[in-house]
Amino acid sequence: AAGRESSMCGNGGRCIVAFAKFLGVISNKTLFTAIDGRHEAIVRDGHIALKMTDVERVKETELAVFLNTGSPHHIVFTEDVEGLDLKKIGAEIRYSDTYRDIGGANVNFVEPSISGYKVRTYERGVEDETLSCGTGVTAVAIAAYYTGRISKPAVKLFTPGGELSVSFKQDGAGFSDIWLEGPAEQVFKGEIPC
């Protein structure tokens with residue numbers, strides 16, 4: 001919406017893989033190149049697993065965690081994601097001087113749940129809440145592990161748009177073998193007469 005070149009879209013990558021499978025262009029595995037590099041994807045049981053770019057470093061401050069998972073993400077752990085004025089607070093952080101040089105950051109608000117984390121995301125370019133952000137939940141999973149909130153390198157994440165899971169391996173100060181997985185359902189079909 002902002003008119004600039006986009007950064008990586010994790011859920012968009014999963015959806016394009018599902019669409020390629022629907023068209024018969026791929027079988028159950030594929031490779032594609034996105035703005036942040038090469039990605040591997042696997043189709044299994046209606047879910048798409050997408051290998052994300054490696055994360056070289058994570059920056060933790062007293063109030064937040066920052067990392068780039070193909071898109072830059074600022075993560076705030078809180079106790080009430082539903083009660084937040086997400087658009088107001090997200091925009092303040094996104095446009096802050098901290099992220100001016102990189103064109104802003106996506107802002108994720110995260111609350112622990114019984115079986116994972118609830119996540120709401122203010123997405124740059126959209127300039128409002130997005131119902132599910134794949135690079136965002138990937139960043140949240142790594143941030144939760146990095147800060148000691150989870151002990152296993154795998155977690156379920158719940159967004160207003162649905163449930164996703166992320167797994168990864170710690171690689172020194174960074175993270176590798178990062179997989180974002182969830183459903184990708186076709187919601188409409190159309191024909192363009194020529």
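Both Ile75 and Val155 belong to a single network of hydrophobic side chains, linked directly or stepwise wherever heavy atoms of I, L, V, M, F, W or Y lie under 4.5 Å apart. Residues Phe175 and Trp179 fall into different hydrophobic clusters, defined by Ile, Leu, Val, Met, Phe, Trp and Tyr side chains chained together at heavy-atom separations under 4.5 Å. No continuous path of hydrophobic side-chain contacts links Leu131 to Val126 [ILVMFWY only; heavy atoms under 4.5 Å]. No chain of hydrophobic side-chain contacts below 4.5 Å, direct or via other Ile, Leu, Val, Met, Phe, Trp or Tyr residues, connects Phe66 to Val110. Leu31 is not connected to Ile35 by any chain of hydrophobic side-chain contacts under 4.5 Å among Ile, Leu, Val, Met, Phe, Trp and Tyr, and they are in different clusters.
The line from CG of Asp45 to CG of Asn28 is 9.5 Å long, rounded to the nearest 0.5 Å. For the atom pair Glu185 CD and His47 NE2, the distance stands at 8.0 Å (nearest 0.5 Å). Atoms OG1 and NE2, from Thr30 and His39 in turn, are 12.0 Å apart once rounded to the nearest 0.5 Å. Between the CG atom of Asp80 and the CD atom of Glu111 there is a distance of 6.0 Å, given to the nearest 0.5 Å. In this structure, Asn68 CG and Thr138 OG1 are separated by 11.5 Å, a value rounded to the nearest 0.5 Å. Once rounded to the nearest 0.5 Å, the distance linking CG of Asn11 with CD1 of Ile16 reads 13.0 Å.
A donor-acceptor contact shorter than 3.5 Å is absent between the side chain of Arg124 and the backbone of Ala105. The backbone N or O of Gly182 sits less than 3.5 Å from a side-chain atom of Arg14, completing a donor-acceptor pair. Under the 3.5 Å distance criterion, the side-chain polar atoms of Thr147 are matched with a main-chain donor or acceptor of Ala143.
More than 12 heavy atoms of other residues, nucleotides or ligands sit less than 6.0 Å from atom CD of Gln186. A 6.0 Å sphere centred on CZ of Phe32 holds more than 12 heavy atoms belonging to other residues, nucleotides or ligands. Within 6.0 Å of atom NZ in Lys156, 12 or fewer heavy atoms from other residues, nucleotides or ligands are found, so the atom counts as exposed in its surroundings.
Checked for salt-bridge contact, Arg120 and Glu129 meet the test: a charged N lies under 4.0 Å from a carboxylate O.
For Ala41 against Val17, the heavy-atom pair with the smallest separation is CB-CG2, 3.6 Å. The minimum heavy-atom distance linking Leu180 with Gly134 is given by the pair CD2-CA, 3.6 Å.
Using a 4.5 Å cut-off on side-chain heavy atoms (C-beta onward), Asp177 and Met52 make no contact. In this structure, Thr53 and Ile178 have side chains that are not in contact, with every pair of non-hydrogen atoms separated by 4.5 Å or more. No side-chain heavy atom of Thr69 sits under 4.5 Å from any side-chain heavy atom of Asp36.
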Audit row: Ile150, Tyr117, side chain to side chain contact (heavy atoms under 4.5 Å, CB included) steps and yes/no: CA-CA 10 Å; Ile150 59 173; Tyr117 284 93; 3.7 Å; yes
Pair Leu63-Val76, side chain to side chain contact (heavy atoms under 4.5 Å, CB included): steps then yes or no: CA-CA 7 Å; Leu63 301 175; Val76 178; over 6 Å; no
Stepwise side chain to side chain contact (heavy atoms under 4.5 Å, CB included) check, Phe158 with Ser113: CA-CA 9 Å; Phe158 307 95; Ser113 73; 3.6 Å; yes
Glu127 and Arg94: CA distance, side-chain angles, deciding distance, salt bridge (Lys or Arg N to Asp or Glu O under 4.0 Å) verdict: CA-CA 9 Å; Glu127 307 311 332; Arg94 180 258 196 267; 2.9 Å; yes
Verdict with reasoning, Tyr145 to Ser151, per side chain to side chain contact (heavy atoms under 4.5 Å, CB included): CA-CA 6 Å; Tyr145 185 83; Ser151 58; 5.7 Å; no
His74 and Tyr99: CA distance, side-chain angles, deciding distance, ring pair (Phe, Tyr, Trp, His ring centres under 6.0 Å) verdict: CA-CA 9 Å; His74 176 102; Tyr99 300 118; 5.5 Å; yes
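Aromatic rings of Tyr122 and Phe109 (six-membered ring for Trp) have centroids beyond the 6.0 Å cut-off, not under it.
Side-chain contact of Gln170 with Tyr146: a donor-acceptor pair under 3.5 Å is absent, judged by distance alone. When only modelled atom types and interatomic distance are considered, Ser7 and Ser71 share a side-chain donor-acceptor pair under 3.5 Å. Side chains of Asn108 and Thr121: a donor-acceptor N/O pair is present below 3.5 angstrom, by distance only. Side-chain atoms of Thr135 and His73 include a donor-acceptor pair closer than 3.5 Å.
Stacking of Arg100 on the aromatic ring of Tyr95 is not recorded, the 6.0 Å distance cut-off and the 45° axial limit not both being met.
Checking Val81, Val140, Thr159, Leu157 one by one against Lys118, the side chain to side chain contact (heavy atoms under 4.5 Å, CB included) holds for a single residue, Val81.
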